[in-house]
Amino acid sequence: MDFGPFLLLAILEGLLQAAVLVLMALGLSLVFGVMRVVNVAHGEFYMLGAITAWHVADLAADGPVPALVPALAISPLFAGVLALACERLVLRRLRHDPGSTIVATIGLMYIIRQSVLLLHGPGARPVEAPFHYQLSLPWFGYSGYNLFVIAAAVVLLLLFRFLLTRTRAGLVMRATQQDQETAQNFGIPVERVHACVFAAGAALAAIAAVLIVPVRQAHYLMGEDPLLSSFIIVILGGPGNLRGTAAAALLVGLADGIISMFFSPTLARMASTLLVALVLVLRPRGLAGTGR
Amino acid sequence: MTPPPEPAGGTGRRVLALHLAVPAFLFAIQFHLPEYYYLGMPRMMILALYAMGYNLLFGYTGLLSLGHAMFFAAGAYGAGLTAFHLGWSPPAAFLAGTGAGILAATVTGTVILGTRGVAFMIVTLMFSQVAWLASLHFSEWTRGDEGLSLPAAVRRFHMPLLGDIDLASPVIRYNVALLLLTLTLVLLLFLVQSRPGRILVAIRENEQRTLMLGYDCQSFRLAAIVLSGTLAAIAGAAHVLLFAYVGSGFASVSWSIDPLLHTLLGGAGVLLGPLAGAGIMFFVTDFFSSHTRAWPLVTGIMLILLVSGFPRGILGTIRERWCPWLP
């Protein structure tokens, strides 16, 4: 293949990566923006989404509807409920002290990951895509499902933007993010908002996983890589900033896709991690800002 | 008004006696330990050394690093690569590892000196991830995850007064680990009770006030990072030379979480805390890993319990209730 088609393939792969990452990073960004909590266990909710999808697919194997449809509903629900429990039982007690919440979410990460290992097992399990369609481009064939994932991510983003800017729930979230005390003075149940936001963040990660699980496989360690990338995106885009997160996800996904294809994936990861660490060093306010 | 509690480390002789009794105890029990524990203790002692270095930064200076594995790995690879590829003798490889640690800590410390709080945590995490990725990328020399096993010949060396020493021997391993641990303990004991040590605590308590009092906080923070990182590297170098293996895993996140866990469990800001924490976790993980593959579950539960219920850890609680003189 010539350079041109190679680049096109790299861009498509990058877009796919960006699609998954933007949903995941959005969840992380929301949680950090509204709650000021750095959730190190975020990747594990992503992993739970994939594992749940596999189990749903397993149960619905011979049904008329492709397994992905119920999984898209059940996985985020499951992740959201679990996240709610975590928030209630663990995070609420810590009163959002930054150091303690990070350590506690690290603990949650271990617990969730090892529980899945215990209950589900260490093997990587594939999940069938709901449809198999090969898009025949002049230079290579590309999976139609990948394009569907990209489209789905865009739709979900627009939906979320609508939710955030045009609904009362979105208004409440933004108000809590901007100024928690004033929001409370206006009668907003801040504790309940925190719980819902944490659950929503986990649900977003789970949805991303359900979409991508036919392309990757469901595995108990799969949350580790996307977590780092999500952190990078949130820091670059600004916590709580929807547009910034989307732009950063696009940037990171494309850069990752292109560098991975022409150099090595490890090098791509190193470059982006180092870049963001330096951004944080030069602008430590990046994590302290209120964001919009 | 009630008089303030006696400052930590106030009664010099009592403190020194206690802190020397611990290594003496560890020395004495080696003749009575069942073989299984005898073989496992050196590892525990090296982990305690690592955690003590971490405690200096976290417990005494108040900086929570999530990336100490990069310093541990610097020491580990410094010793491992020179021993494996260049055939350096253990003492030389050890110095190489220590040097690598000093370099890594100084460079990292200088770069991140301006960051605080959450930013500091994330930046240290990210730098250590880069180190981990680098160890995978350069797998031509490091063999990545698979790692390098040091051949037996490399672990034998000759010391002028002591004769031939073979690091594969359990007796040698136990006592070398104990020696390193004791030296670290004594060093830190004098440090935390000295003026620089108190200044670190002052920085932890209220950096603005300390700055206003005229102390150069940046230099002290850098010194704390460098010393803490160097101790981590010493632990890494020792770990490689004593147990003959170095792999990418040493730079992974779990090796950053371990010293944090040990310090929190035993008592952050208490000198013997990390040793107590490492000791307890040694037995706890031993117990659970023989029952289930998913024993890190215990790590997770402990972290949550500690941070929500017992932020002071075991020795920290003891110090608060009964022994305010414990440094």
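In the text below, chain A, chain B and the rest are named by the order of the sequence lines, each starting its count at 1. What's counted below: heavy atoms across the whole structure, side chains too, no hydrogens, waters or symmetry copies.
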Mind running side chain to side chain contact (heavy atoms under 4.5 Å, CB included) on B:Phe127 and A:Thr273 for me, showing each step along the way? CA-CA 8 Å; B:Phe127 275 141; A:Thr273 312; over 6 Å; no

For a side chain to side chain contact (heavy atoms under 4.5 Å, CB included) check, start with the C-alpha distance between B:Ile112 and A:Leu280, then their side-chain angles and the critical distance, and finish with the verdict. CA-CA 9 Å; B:Ile112 70 179; A:Leu280 256 190; over 6 Å; no

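Atom CG in B:Leu125 sits 8.0 Å away from atom CD1 in A:Ile106 (nearest 0.5 Å). Once rounded to the nearest 0.5 Å, the distance linking CD of A:Gln114 with OG1 of B:Thr299 reads 8.0 Å.
With a 4.5 angstrom heavy-atom cutoff, A:Ser115 touches chain B via backbone and side-chain atoms both. In this structure, chain A has heavy atoms under 4.5 Å from both the backbone and the side chain of B:Ala134. Within the 4.5 angstrom heavy-atom criterion, only side-chain atoms of B:Leu260, from C-beta onward, approach chain A. Proximity to chain B involves both the backbone and the side chain of A:Leu108, based on heavy atoms less than 4.5 angstrom apart. Using a 4.5 Å cut-off between heavy atoms, B:Ser308 contacts chain A through both its backbone and its side chain. For chain A, no part of B:Leu113 is nearby; none of its heavy atoms comes within less than 4.5 Å. At a 4.5 Å heavy-atom cutoff, the contact between B:Leu64 and chain A is made by side-chain atoms alone. With a threshold of 4.5 angstrom between heavy atoms, A:Ser264 approaches chain B through side-chain atoms but not through N, CA, C or O. Within the 4.5 angstrom heavy-atom criterion, atoms from both the backbone and the side chain of A:Val103 approach chain B.
Counted within 6.0 Å of CZ on B:Phe310, heavy atoms from surrounding residues, nucleotides or ligands total 12 or fewer; the atom is thus considered open. A:Phe262 CZ: more than 12 foreign heavy atoms inside a 6.0 Å radius. The number of heavy-atom neighbours closer than 6.0 Å to CZ of A:Arg125, taken from other residues, nucleotides and ligands shown, is above 12.
The shortest side-chain heavy-atom distance between A:Pro122 and B:Arg293 falls under the 4.5 Å cut-off. Within the 4.5 Å cutoff, no side-chain heavy atoms of B:Val298 are placed close to those of A:Tyr110. For the pair B:Met126 and A:Ile232, the minimum side-chain heavy-atom distance is below 4.5 Å. Looking only at side-chain heavy atoms (C-beta outward), B:Leu133 and A:Leu267 stay at 4.5 Å or farther from each other. Between A:Val90 and B:Val307 the shortest side-chain heavy-atom distance does not fall below 4.5 Å.
Note: A:Leu117 leads A:Leu278, A:Leu117, A:Val116 in heavy-atom pairs under 4.5 Å with chain B. Counting heavy-atom pairs closer than 4.5 Å to chain A, the top-ranked of the candidates B:Met121, B:His137, B:Gln129 is B:His137. Interface summary for chain A: among B:Thr124, B:Leu261, B:Ile257, the most heavy-atom pairs under 4.5 angstrom belong to B:Ile257.
Smallest separation of non-hydrogen atoms from B:Ala294 and A:Leu118: CB-CG, 3.4 Å. Contact detail for A:Val281 and B:Thr115: the closest heavy-atom pair is CA-CG2, 3.9 Å. Pairing each heavy atom of A:Val38 with each of B:Ile122, the nearest pair is CG1-CD1, 4.0 Å.
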